[in-house]
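The structure under discussion appears below in the form of structure tokens.
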2 protein chains.
Amino acid sequence: MSGGVEWGLHCCVVLSGSGEPVPAAKLAEFHDVSPSYLAKQLQLLSRAGLVRSTQGQSGGYGLTRPPAEITVLDVVEAIDGSRPAFRCTEVRRRGPLAAPPEKCLTPCSIARVMDAADRAWRESLRAVTIADLAGEVGRTSGPETLARARAWLQT
Amino acid sequence: MSGGVEWGLHCCVVLSGSGEPVPAAKLAEFHDVSPSYLAKQLQLLSRAGLVRSTQGQSGGYGLTRPPAEITVLDVVEAIDGSRPAFRCTEVRRRGPLAAPPEKCLTPCSIARVMDAADRAWRESLRAVTIADLAGEVGRTSGPETLARARAWLQT
DNA sequence: GTCAACTCGGACAGGACGGGTCCGTGGCAC
DNA sequence: GTGCCACGGACCCGTCCTGTCCGAGTTGAC
Ligand code: FES
Ligand code: FES
């Protein structure tokens with residue numbers, strides 16, 4: 001999985017509840033990561049419709065929806081792609097004892113198991129929203145942490 | 001995820017209940033895949049202790065345990081590795097407002113969510129065994145399918 | 001209205017990792 | 001002894017991730 005997922009998720013958390021747009025350079029300095037590369041991740045988020053960018057002076061990025069309506073799965077799929085990790089290549093149809101096409105109407109049982117596991121993974125990620133993450137941060141690191149971060153971003 | 005997982009899983013299914021060892025070349029011909037690459041996957045399975053190889057003439061591979069005691073997760077981890085997909089790089093400790101070390105005793109909430117999803121995925125894979133897969137194949141493709149496959153491998 | 005500065009957006013290289021292949025070595029049965 | 005087979009490592013190649021760059025467009029100020 002792409003390492004940029006962590007950056008995108010952290011960006012979404014600090015962006016939650018920030019009314020003013022935040023430039024990508026500020027976000028990069030805040031997290032101490034490469035500005036150019038983080039810009040690419042933000043582009044992916046923008047293309048997926050999770051964040052909206054306003055150009056010009058005093059422009060930047062902001063969430064398009066309330067944080068409670070953005071799930072972790074949305075961010076992960078936007079950055080890392082939405083294709084499943086396991087890809088069935090229909091091995092059963094090859095070889096000397098290949099299964100005839102009339103027996104391949106249903107997916108292979110192995111593919112079904114893999115697909116079920118993938119669905120469980122996605123369901124677990126869909127159950128958590130950005131708002132949940134922000135609340136958790138306030139609970140573990142103190143409520144003032146997020147406020148100070150947003151204030152620093154506005155400067 | 002590595003595409004060889006599909007091959008290894010199919011190999012384990014056809015190997016289940018086969019008393020005689022099966023050479024790697026036969027398995028490759030049966031699935032119509034590259035013999036060299038499948039050999040590498042079988043080596044990984046052997047290193048993980050799932051299959052045992054007998055050398056010399058009329059040698060080959062065979063399962064070490066009953067099929068009901070080998071889970072799909074065992075095969076996936078043997079071939080694809082057991083490290084989680086998401087790797088936390090502790091972004092919160094960097095930047096101008098870095099979290100102090102005394103607040104980083106517990107993992108980041110984002111990392112916790114990712115870890116929970118990964119655990120759900122693994123749990124879903126651990127619930128299915130090779131014997132279950134073999135039974136499913138017999139139910140959908142007819143009970144004689146596996147028997148014919150094993151007979152072909154013995155030739 | 002004009003200018004300038006600041007922003008995003010996509011196009012462009014470098015490098016690391018995994019897929020895929022090959023051959024030499026050692027061990028077992030015949 | 002001889003032939004067959006698994007094992008381990010070294011090797012090349014394609015692909016994806018990482019990282020960077022500069023141009024188009026927009027905004028705010030003067
Ligand atoms: S044919 Fe693809 S998983 Fe069985
Ligand atoms: S610091 Fe790694 S996920 Fe938050």
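All chains are named by letter (A, B, ...) in the order of the sequence lines, taking the proteins before the strands, and each is independently numbered beginning at 1.
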> Run the side chain to side chain contact (heavy atoms under 4.5 Å, CB included) check on A:E20 and A:S58 step by step: do they pass?
Replying inline: CA-CA 9 Å; A:E20 297 288 309; A:S58 75; over 6 Å; no

> Using the ring of each side chain (for Trp, its six-membered ring), is B:W152 parallel, tilted or perpendicular to B:F30, with breaks at 30° and 60°?
Replying inline: tilted

> Which part of the nucleic acid does B:A25 contact within heavy-atom distance under 4.0 Å: base, sugar-phosphate only, or nothing?
Replying inline: nothing

> Do B:T129 and B:E69 come close enough that some side-chain heavy atom pair is under 4.5 Å?
Replying inline: no

Quick test: give all pairs of protein nitrogen or oxygen and nucleotides 13-18 of chain D nitrogen or oxygen below 3.5 Å, distance rounded to 0.1 Å.
{"unit_1": "D:dT18", "atom_1": "OP1", "unit_2": "A:G3", "atom_2": "N", "d": "3.1"}
{"unit_1": "D:dT18", "atom_1": "OP2", "unit_2": "A:S2", "atom_2": "OG", "d": "2.9"}
{"unit_1": "D:dT18", "atom_1": "OP2", "unit_2": "A:Y37", "atom_2": "OH", "d": "2.5"}
{"unit_1": "D:dT18", "atom_1": "O5'", "unit_2": "A:Y37", "atom_2": "OH", "d": "3.3"}

> Can you find a donor-acceptor N/O pair under 3.5 angstrom joining the side chain of A:Q55 to the base of C:dG9?
Replying inline: no

> Hey, which of these two, A:W7 or B:S58, hits DNA chain D nearer its 5' end, going by closest nucleotide?
Replying inline: B:S58

> Which whole-number value in Å describes the distance from A:E20 CD to C:dT7 C1'?
Replying inline: 15 Å

> Rounded to whole angstrom units, what separation is found between the CG atom of B:L42 and the P atom of D:dA6?
Replying inline: 9 Å

> Side-chain N or O of A:S53 less than 4.0 angstrom from OP1 or OP2 on C:dG9?
Replying inline: yes

> A:R87 CZ to C:dG18 P: how many Å, rounded?
Replying inline: 22 Å

>> Output the rounded distance in Å from CG (A:L27) to C1' (C:dC8).
In response: 13 Å

> Short question: side chain of A:T145, backbone of A:G142 - any donor-acceptor pair under 3.5 Å?
Replying inline: yes

> Is it true that atom CZ of B:R148 has more than 12 heavy atoms of other residues, nucleotides or ligands lying nearer than 6.0 Å?
Replying inline: no

> If you check the B:S36 side chain, which of C:dT7, C:dC22, D:dA6 turns out closest?
Replying inline: C:dC22

> Do B:S16 and B:R150 get their side chains close enough for a donor-acceptor pair, meaning under 3.5 Å?
Replying inline: yes

> Taking the side chain of B:Q57 as its heavy atoms from C-beta onward, which of D:dG3, D:dG28, D:dG25 lies nearest to it?
Replying inline: D:dG3

> What's the CZ-C1' distance between A:R52 and C:dC8, to the nearest Å?
Replying inline: 13 Å

>> Between P on C:dT7 and CD on A:Q43, what's the gap in Å once rounded to a whole number?
In response: 15 Å

> Nearest-Å distance, CZ (A:R47) to C1' (C:dG9)?
Replying inline: 9 Å

> What does A:A39 touch in the nucleic acid at a heavy-atom separation under 4.0 angstrom: a base, only the sugar-phosphate, or nothing?
Replying inline: nothing

> Whole Å only: how far is the CG atom of A:L38 from the P atom of D:dT20?
Replying inline: 12 Å

> Is A:M1 close to B:R87 at the side-chain level, that is, under 4.5 Å between some pair of heavy atoms?
Replying inline: no

> Taking the side chain of A:S34 as heavy atoms from C-beta outward, which of C:dC30, D:dG19, C:dG9 is closest to it?
Replying inline: D:dG19

